[in-house]
Amino acid sequence: MRRINGIALLGRTAAGIGGATRVSGATPQRLVQAATISSCSNSNPLWFSQSSGDRFGPSKPSVAAGGAKCFSTSVAQEVHSHLSADKFAPNDVVLYQYEACPFCNKVRAFLDYNNIPYKVMEVNPMSKKEIKWSDYKKVPILKVDNEQMVDSSDIIDKLFQRINPENNVVDSEEEKKWRQWVDDHLVHVLSPNIYRTPSEALESFDYITSHGNFSLSERLVAKYGGAAAMYFVSKKLKKRHNITDARAALYGAAETWVDALKGRQFLGGSTPNLADLAVFGVLRPIRHLKSGKEMVENTRIGEWYSRMENAVGESARINA
């Protein structure tokens with residue numbers, strides 16, 4: 001088993017943050033790249049998909065002006081899902097991903113919300129053999145009836161237009177602004193938080209190695225070597241993104257998002273829009289981690305998150 005060259009790993013990993021996970025570089029570097037949050041095709045692997053309604057508390061009904069209650073998220077979700085299924089029903093959808101990648105989770109949130117059944121092909125970060133058929137060497141990749149789609153935002157835009165062919169505008173200016181905020185800001189506060197301390201880095205890599213497509217030897221290298229490397233890399237990331245206090249930055253991002261809602265159930269009003277799904281998808285992977293728990297305990301984002309879980313509903317993932 002090869003040893004990780006910590007300095008080279010640090011440099012290469014830090015340099016790749018904000019870009020995409022590539023197949024070049026030494027084997028151990030690939031393992032750590034697969035665990036850096038901004039390093040899929042806008043991406044970040046580290047996440048989780050267990051229901052957390054009990055963790056975030058029950059959602060409350062929203063009361064509109066004049067005292068009229070808005071539609072429940074479950075009813076809105078059911079109507080939305082039926083509309084989606086009627087308008088867009090591909091025969092075969094396959095998502096090539098890292099389970100923990102936040103940008104892969106953005107795509108999954110969209111597919112789940114729109115009730116589009118999809119299979120998942122977990123990509124091995126060492127060999128990338130699952131995507132050797134493609135010239136595009138990043139994740140997520142979505143195949144829709146053998147048509148390749150790449151880049152999380154582009155994938156979502158294309159799917160949205162197929163679901164809503166009569167709508168020439170994918171998103172409003174407000175929606176576009178906050179979708180961009182997710183990619184430009186929110187994802188960058190995650191790594192400094194999930195790798196903030198040695199124990200948090202190890203917690204994060206324990207999830208990555210347990211849920212990713214790793215061999216036993218790769219798992220051992222990634223869990224301990226990767227956690228140590230990313231603990232130091234997170235310090236570089238704080239400096240790169242002008243973060244002095246990682247938790248304060250995370251809490252600030254959560255509060256900024258809640259302020260953007262302006263009292264609405266969702267940014268989209270009574271139902272989630274693409275910005276809601278993007279924020280939810282990116283945050284969903286960290287919710288079981290120490291940073292995610294503390295974010296909910298110390299900010300106002302919990303109620304919105306619970307409403308999103310209800311609206312998105314059960315996973316549309318099917319067995320391959």
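Values below: every heavy atom of this structure, side chains too, minus hydrogens, waters and symmetry copies.
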CG of L142 to OG of S152: how many Å apart, nearest 0.5 Å?
11.5 Å
Going by heavy atoms in the side chains, are N164 and F88 under 4.5 Å from each other?
no
Hey, does N114 have a side-chain heavy atom less than 4.5 Å from the side chain of F160?
no
I'd like to know if K177 pairs up with E174 as an ion pair, taking the criterion as any Lys NZ or Arg NE/NH1/NH2 lying under 4.0 Å from an Asp or Glu carboxylate oxygen.
no
Check side chain to side chain contact (heavy atoms under 4.5 Å, CB included) between N273 and all other residues, then give those that pass, not counting sequence neighbours.
E175, L267, A275, D276
Evaluate whether atom CG of D135 has more than 12 neighbouring non-hydrogen atoms of other residues, nucleotides or ligands under 6.0 angstrom away.
no
Taking the side chain as everything from C-beta on, heavy atoms only, tell me whether N124 gets closer than 4.5 Å to F214.
no
Can you name the residues that form a ring pair (Phe, Tyr, Trp, His ring centres under 6.0 Å) with F110, not counting sequence neighbours?
none
One pair to check against salt bridge (charged side-chain N to carboxylate O under 4.0 Å, His left out): R284 and D112. What are the steps and the verdict?
CA-CA 13 Å; R284 184 158 59 172; D112 291 340; 3.5 Å; yes
Supply the atom-to-atom distance Q97 CD to N213 CG, rounded to the nearest 0.5 angstrom.
10.5 Å
S210 vs D206 side-chain heavy atoms within contact, under 4.5 Å
yes
Any side-chain heavy-atom pair from Y195 and E203 closer than 4.5 angstrom?
no
Would you please test R162 and E147 for salt bridge (charged side-chain N to carboxylate O under 4.0 Å, His left out) and show each step?
CA-CA 13 Å; R162 294 185 187 188; E147 175 190 353; 2.8 Å; yes
Quick one: closest heavy-atom pair of V296 and G302, and the distance?
CG1-CA, 4.1 Å
Between Y305 and W257, does the ring centroid distance fall short of 6.0 Å?
no
Across all chains, not counting sequence neighbours, the side chain to side chain contact (heavy atoms under 4.5 Å, CB included) partners of P117 are I318
Would you compute the distance between atom OG of S217 and atom CZ of R219 and round it to the nearest 0.5 angstrom?
9.5 Å
Apply side chain to side chain contact (heavy atoms under 4.5 Å, CB included) to S134 and list each qualifying residue two or more places apart in sequence or on a separate chain.
Y136, I141, Q148
Is it true that E218 and K223 have a side-chain N and a carboxylate O under 4.0 angstrom from each other?
no
Under 3.5 Å side-chain donor-acceptor pair for K106 and S153
yes
Taking only residues two or more places apart in sequence or in another chain, which ones pass side chain to side chain contact (heavy atoms under 4.5 Å, CB included) with R247?
N193, R196, E200, D245, Y251, K290, S291, E294
So OH of Y231 and CZ of F205: to nearest 0.5 Å the spacing works out to 14.5 Å
Quick one: are K119 and D92 in side-chain contact, heavy atoms under 4.5 Å?
yes
Taking the side chain as C-beta and beyond, is there a heavy-atom pair between L283 and L186 under 4.5 Å?
yes
Give the C-alpha distance, both sets of side-chain angles, the deciding distance and a yes or no for salt bridge (charged side-chain N to carboxylate O under 4.0 Å, His left out) between K138 and D151.
CA-CA 8 Å; K138 311 170 189 176; D151 185 275; over 6 Å; no
For K235, enumerate each residue passing the side chain to side chain donor-acceptor pair (under 3.5 Å) test, keeping only those at least two apart in sequence or located in another chain.
none
Minimum side-chain heavy-atom gap M149-L159 below 4.5 Å:
yes
Using a strict cut-off of less than 4.0 Å between a Lys/Arg side-chain nitrogen and an Asp/Glu carboxylate oxygen, indicate whether R179 and E173 qualify as a salt bridge.
no
